[in-house]
Every structure is written in structure tokens, then in C-alpha cells.
Asker: 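Please find one structure pasted underneath; my questions will follow.
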Amino acid sequence: QYVGFKHGFPNAFGIHWEGSKSLGVFLKLPKEKYSKMRRLIPYKSEYDERWKQTTVHIDDQFKLQKLIPAFRMSYEYILGK
């Protein structure tokens with residue numbers, strides 16, 4: 001299960017369960033943009049080839065504001081910019 005932010009049909013980003021007790025933020029980005037996104041955020045993340053998205057793991061130190069550049073990147077990708 002997940003909650004997503006959509007623009008038209010595709011999800012740009014959202015929150016999903018990673019297990020029974022942990023959440024992650026997913027961002028739809030092509031693999032080529034993953035390394036740039038990694039430089040923008042201070043959190044552990046991984047790229048999922050199957051869903052073509054990055055998952056950022058939420059921990060006790062997580063601050064949503066620090067993901068704003070990554071959200072912007074994902075949204076602009078969906079818009080085609």
C-alpha cells in the first residue's frame with residue numbers, strides 16, 4: 001500500500017510501506033538521475049530497477065524538508081523538464 005502524488009496518470013513521488021514497521025519515500029526518477037539526487041539528500045536510499053524509482057528510508061532523524069530538492073527533481077521529470 002502507498003500514498004502517491006500524481007500529475008495526470010503517473011506518480012511523481014509518495015510514501016510506501018517497506019516492511020511491517022518501516023516506511024519509505026519513493027521518487028520516480030530514471031536511473032541516470034539517481035546519482036545527482038543522492039548528492040542532494042542526506043539519507044540512505046536505493047534505486048529499484050523494477051519500479052524505476054528511488055526509495056529513501058525513513059529513520060528517527062528524518063526531516064521531510066531535506067527532501068524538497070528531490071521532490072522537485074521527480075516532479076520536473078514527470079512534467080518532462
Side-chain angles (χ1 to χ4, degrees):
Q1 296 178 340
Y2 69 93
V3 175
F5 175 84
K6 288 181 166 246
H7 178 74
F9 175 73
N11 284 315
F13 48 82
I15 299 172
H16 67 127
W17 289 103
E18 292 189 304
S20 62
K21 296 181 181 179
S22 60
L23 291 169
V25 174
F26 68 86
L27 301 123
K28 294 291 187 175
L29 286 170
K31 192 170 186 176
E32 302 82 54
K33 295 188 183 240
Y34 176 66
S35 61
K36 181 179 180 184
M37 193 263 335
R38 284 286 305 130
R39 292 190 299 270
L40 295 174
I41 63 167
Y43 303 114
K44 180 182 166 193
S45 68
E46 60 190 44
Y47 191 80
D48 185 341
E49 288 283 345
R50 178 178 174 208
W51 296 104
K52 299 192 179 3
Q53 67 187 22
T54 298
T55 297
V56 179
H57 306 285
I58 295 175
D59 61 18
D60 295 341
Q61 305 300 316
F62 185 79
K63 301 265 189 256
L64 189 61
Q65 297 84 356
K66 292 184 179 184
L67 285 184
I68 289 173
F71 288 142
R72 186 172 289 124
M73 251 179 103
S74 180
Y75 184 63
E76 289 175 355
Y77 168 69
I78 295 297
L79 288 178
K81 293 184 178 182

Asker: Kindly write out the residues that satisfy side chain to side chain donor-acceptor pair (under 3.5 Å) with S45, not counting sequence neighbours, or none if the list is empty.
Answerer: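 Y34, R38.
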
Asker: Share the residues that join F26 in a hydrophobic cluster, the rule being Ile, Leu, Val, Met, Phe, Trp or Tyr side chains under 4.5 Å apart at the heavy-atom level.
Answerer: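 Its cluster partners, ordered by chain and number, are Y2.
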
Asker: State, with a plain yes or no, whether a side-chain heavy atom of K52 is found less than 4.5 Å away from one of Y47.
Answerer: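 A side-chain contact under 4.5 Å exists here.
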
Asker: Quick one: CD1 on I78 to CG on L29, what's the gap to the nearest 0.5 Å?
Answerer: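 The CG atom of L29 is 8.0 Å from CD1 of I78, to the nearest 0.5 Å.
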
Asker: Same cluster for I58 and W51 if Ile/Leu/Val/Met/Phe/Trp/Tyr side chains link at under 4.5 Å?
Answerer: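 No, I58 and W51 fall in different hydrophobic clusters.
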
Asker: Examine L79 and F13 and state if one hydrophobic cluster contains both, with Ile, Leu, Val, Met, Phe, Trp and Tyr joined whenever side-chain heavy atoms are less than 4.5 Å apart.
Answerer: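 Yes; tracing contacts between hydrophobic side chains, which count when under 4.5 Å, links both residues.
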
Asker: Which residues pass the salt bridge (charged side-chain N to carboxylate O under 4.0 Å, His left out) test with E49, not counting sequence neighbours?
Answerer: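 Only K31 meet the salt bridge (charged side-chain N to carboxylate O under 4.0 Å, His left out) criterion with E49.
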
Asker: Does anything in residues 12-22 form a side chain to side chain donor-acceptor pair (under 3.5 Å)? List the pairs, not counting sequence neighbours.
Answerer: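 As it turns out, the side chain to side chain donor-acceptor pair (under 3.5 Å) pairs with a partner in residues 12-22, which skip direct neighbours, are E18-H57.
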
Asker: For residues 61-76, please give each side-chain donor-acceptor pair under 3.5 Å, one per line with the distance, not counting sequence neighbours.
Answerer:
from : atom 1 : to  : atom 2 : distance (Å)
S74  : OG     : A12 : O      : 2.3
S74  : OG     : K28 : N      : 3.3
S74  : OG     : K28 : O      : 3.0

Asker: Please name all residues satisfying side chain to side chain donor-acceptor pair (under 3.5 Å) with K33, sequence neighbours left out, ordered by chain then number.
Answerer: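 For K33, no residue satisfies side chain to side chain donor-acceptor pair (under 3.5 Å) once neighbours in sequence are set aside.
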
